[in-house]
Amino acid sequence: MNTTYRDIFKWGDKREQPVDKGTLDVIKEKFGFTDDDFSQKYITGEEQVALSKPVGINQNLLDKLIAIVGAGNVKTDDYARASHAYGKFYAELVKLRMGEIPSPPDAVVFPKSADEVTQIVSLCNEHGIALTPFGGHSSVTRGVETPNGGISLDLTKHLNKIIEVNSVNATVTVEAGMFGPAFENYLNSIGFTCGHFPQSFEYSTVGGWFAAKGAGQASTGYGKIEHMVLAVKVVTPAGVIETKCYPASAQGWDIHQIFAGSEGTLGVITEITMKVRRYTPQNTQYASFIFKNFESAVSAMRMVMQSGVGLPHLFRISDPEETEIAFKTKGFDDTLADRFLRVMGYKSGSRCLMFMAVDGSKGYAKQVKKSVKAICRKHGSFYTGAKPTLKWLDQRYSSAYLRDPLMDLGIMTDTLETAVMWDNLVNVWSSVRNYLKSRPKTVVMVHISHVYENGANLYFTFLSPMEKGNELNDYAEYHKGLVDTINASGGSLSHHHGVGRSLAPWMQQHLGVNSLGLMQAIKNYLDPKSIMNPGGTLGLK
Ligand SMILES: Cc1cc2nc3c(=O)[nH]c(=O)nc-3n(C[C@H](O)[C@H](O)[C@H](O)COP(=O)(O)OP(=O)(O)OC[C@H]3O[C@@H](n4cnc5c(N)ncnc54)[C@H](O)[C@@H]3O)c2cc1C
């Protein structure tokens, strides 16, 4: 039975994952750790959960909630409240390890239908109770925190079913609390795929994907989630909004798009209608390349996107440091193949890996791969075959499990991402890297993983020994400098993680007073008492 803080913060299925030898060797080399350091675990959060803040909702209101959803679907025990207090933002994980939960929700409620959600929203609105939608809680932006207490509305227990498939239109209507694997497995069984595979796929929900405006690993071909969603049903304090399904329309604004990236601040998304694509894994073509440097890899990638040769679905570049670490941890360093590549001029410290996979009909997939190969060859790449991409796909969700054991070793492990236009990509990459590297003993791995005709994202992963005893302040300062650097160099605040509360302080400066004012006006209309995910999410009041 789950009872400890560790049970709450651990990623995924909670199994204890050892750090592989390749990674331990890199940690020794980069941080000067010894075997002795590996034998000690740091702030592991193995204590029993105990909250100091009592339930702040009176029994009369709890009884009303119970009357709506049933007694088993309203929880006020410490573990339920604590396990709905945080997502997966780095500082949240540190706080859980320390047993710090100053603002848990007062109650966790599990609705069974959109009708029950409507009654709950109405009740909370009447009494001015904060209401925070809760999906897989994989938010890495402090999106599910409850600074004003109130109710955490967990959609995953009951609102997790397929409502309708329309195979003529190639659409599926699904309840918002359905997790990725159940959704995709069902679609595969009827010959379709959802095409959305965030690294958090196993433990995130369709509603959370749309609410946080995410991107899956195959977004270059399938699009971001907002490009896939055609219609929504949302329960707002002002009433229910149910948009109709069209391939496109010109009847004013696309209202469903207002809820893409709304992060629970406007209402509870209960249903989503999405495009689905034919599932033809037998046709998928895979390729990988190695380039002499980051600039030539980026240039080849841009040419692929702008040449009209078709779109890879998965399209990634690892920068030199990420490539170096991948080679080291996978035991490729100093092999015969490695020595051959070095002799050919693909030197460690500047070479970069590119992965590509393309779905579709057999002919299309082959044609795209052939064209990508030709473009990459022109940019001085060496073709390294399908295997590295297949290997990467095989472990595509597993690196998420590494974060907890690395934090056990006292290592700060976090990521941040941004979107940039092509003409500023290398500048943002080097400015942000320089900032991150200004911290001594920091490993900085960068990749591009969501690619467009006009630009791409940059995804920064950084690892550095924690400042023990000052973990939270140290991180807050470093994180602030990082976001400031991204902002100053012209990157977006986020490409796919959303804003939450962690990036909210930069919203006004980044968007401008009028744009944020427009968002606030929409919130004021739909949620005049500001009960929906209140406390600064998205920079809103
Ligand atoms: C290891 C790891 C890897 C990740 N990789 C990716 C990635 O590759 N791509 C990517 O896009 N993101 C990624 N993320 C971030 C996160 O998984 C996404 O933001 C995801 O879309 C959140 O879904 P969720 O169901 O967990 O939502 P939650 O974390 O539960 O909620 C996220 C936000 O949406 C709101 N919300 C949730 N459900 C609803 C609803 N039904 N109605 C209204 N509001 C709602 C919440 O209030 C909150 O503000 C990653 C996170 C982790 C921890």
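In each ligand, atom 1 is the first atom listed, and ligand 1 is the first ligand listed. In this chain, numbering begins with 1 at the start of the sequence shown. Below, all heavy atoms of this structure are taken into account, side chains as well, without hydrogens, waters or symmetry copies.
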Geometric N/O contact [X] with ligand 1, under 3.5 angstrom:
X: F134; result: no
X: R403; result: no
X: F197; result: no
X: T537; result: no

Which of the atoms in ligand 1, numbered in the order shown and given with their element, are less than 4.0 Å from a heavy-atom of [X]?
X: A211; result: 34 (O), 35 (C), 36 (N), 44 (N), 45 (C)
X: G143; result: 47 (O), 48 (C), 49 (O)
X: G267; result: 43 (C)
X: G214; result: 11 (O)
X: K88; result: 53 (C)
X: T205; result: 24 (P), 25 (O)
X: A212; result: 19 (O)
X: E263; result: 35 (C), 47 (O), 49 (O)

[atom] [closest protein heavy-atom partner, distance rounded to 0.1 Å]:
atom: atom 39 (C) of ligand 1; value: P133 CB, 3.8 Å
atom: atom 1 (C) of ligand 1; value: A400 CB, 3.5 Å
atom: atom 3 (C) of ligand 1; value: Q199 OE1, 3.3 Å
atom: atom 31 (O) of ligand 1; value: V144 CG1, 3.7 Å
atom: atom 24 (P) of ligand 1; value: G136 N, 3.4 Å
atom: atom 53 (C) of ligand 1; value: S138 O, 3.5 Å
atom: atom 28 (P) of ligand 1; value: H137 N, 3.6 Å
atom: atom 37 (C) of ligand 1; value: G208 CA, 3.8 Å

(message) According to ring pair (Phe, Tyr, Trp, His ring centres under 6.0 Å), who are the partners of Y90, at least two apart in sequence or on a separate chain?
(response)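 For Y90, the residues satisfying ring pair (Phe, Tyr, Trp, His ring centres under 6.0 Å) (neighbours in sequence not counted) are Y475.
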(request) Report the residues that fulfil ring pair (Phe, Tyr, Trp, His ring centres under 6.0 Å) with Y452, sequence neighbours left out, ordered by chain and then residue number. (result)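 Residues passing ring pair (Phe, Tyr, Trp, His ring centres under 6.0 Å) with Y452: H495.
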(message) Taking side-chain hydrogen bond (donor to acceptor under 3.5 Å, both in side chains) as the criterion, tell me which of E145, R501, E263 meets it with T537.
(response)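 That would be R501; it is the only one of E145, R501, E263 passing the side-chain hydrogen bond (donor to acceptor under 3.5 Å, both in side chains) with T537.
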At under 4.0 Å between heavy atoms, which part of [X] makes contact with ligand 1: side chain, backbone, both or neither?
X: S139; result: both
X: I269; result: both
X: L155; result: side chain
X: N533; result: side chain

Under 3.5 Å, is there a donor-acceptor pair between the [X] and [Y] side chains?
X: T236; Y: D527; result: no
X: D115; Y: T118; result: no
X: D414; Y: H479; result: no
X: E322; Y: T461; result: no
X: H450; Y: S219; result: yes
X: T265; Y: N533; result: no

(request) Before accepting this row, confirm whether a basic side-chain N of the pair R97/E471 lies closer than 4.0 Å to the acidic partner's carboxylate O. (result)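 No, this pair does not count.
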(message) Students often mix this up, so state it plainly: with edges at 30° and 60°, are the rings of F183 and W209 parallel, tilted or perpendicular?
(response)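 Because their plane-to-plane angle lies in the 30° to 60° range, the rings of F183 and W209 count as tilted.
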(message) Below 30° counts as parallel, above 60° as perpendicular, anything between as tilted: where do the rings of H497 and Y459 land?
(response)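 Plane angle over 60°, so perpendicular.
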State if [X] counts as touching ligand 1 under the rule of any non-hydrogen atom under 4.0 Å.
X: G500; value: no
X: G498; value: no
X: W11; value: yes

(message) Could you go through I162 and M178, starting from their C-alpha distance and side-chain angles, then the distance that decides it, and tell me whether this counts as side chain to side chain contact (heavy atoms under 4.5 Å, CB included)?
(response) CA-CA 8 Å; I162 300 282; M178 192 168 205; 3.9 Å; yes
(request) Could you tell me whether the side chain of K161 and the main chain of E175 form a donor-acceptor pair under 3.5 Å? (result)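 It does not hold such a pair.
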(message) Check whether F197 forms a cation-pi arrangement with R396 (NZ or CZ under 6.0 Å from the six-membered ring centre, at most 45° off the ring normal).
(response)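 Cation-pi check for R396 and F197: passes.
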(message) Using heavy-atom distances only, which candidate in S200, S219, S204 approaches atom 17 (O) of ligand 1 most closely?
(response)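 Among S200, S219, S204, the closest heavy atom to atom 17 (O) of ligand 1 belongs to S200.
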(message) Is it true that, when you exclude K112 itself, more than 12 heavy atoms of the residues, nucleotides or ligands shown sit nearer than 6.0 Å to its NZ?
(response)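 Yes, the 6.0 Å shell around NZ holds more than 12 heavy atoms from other groups.
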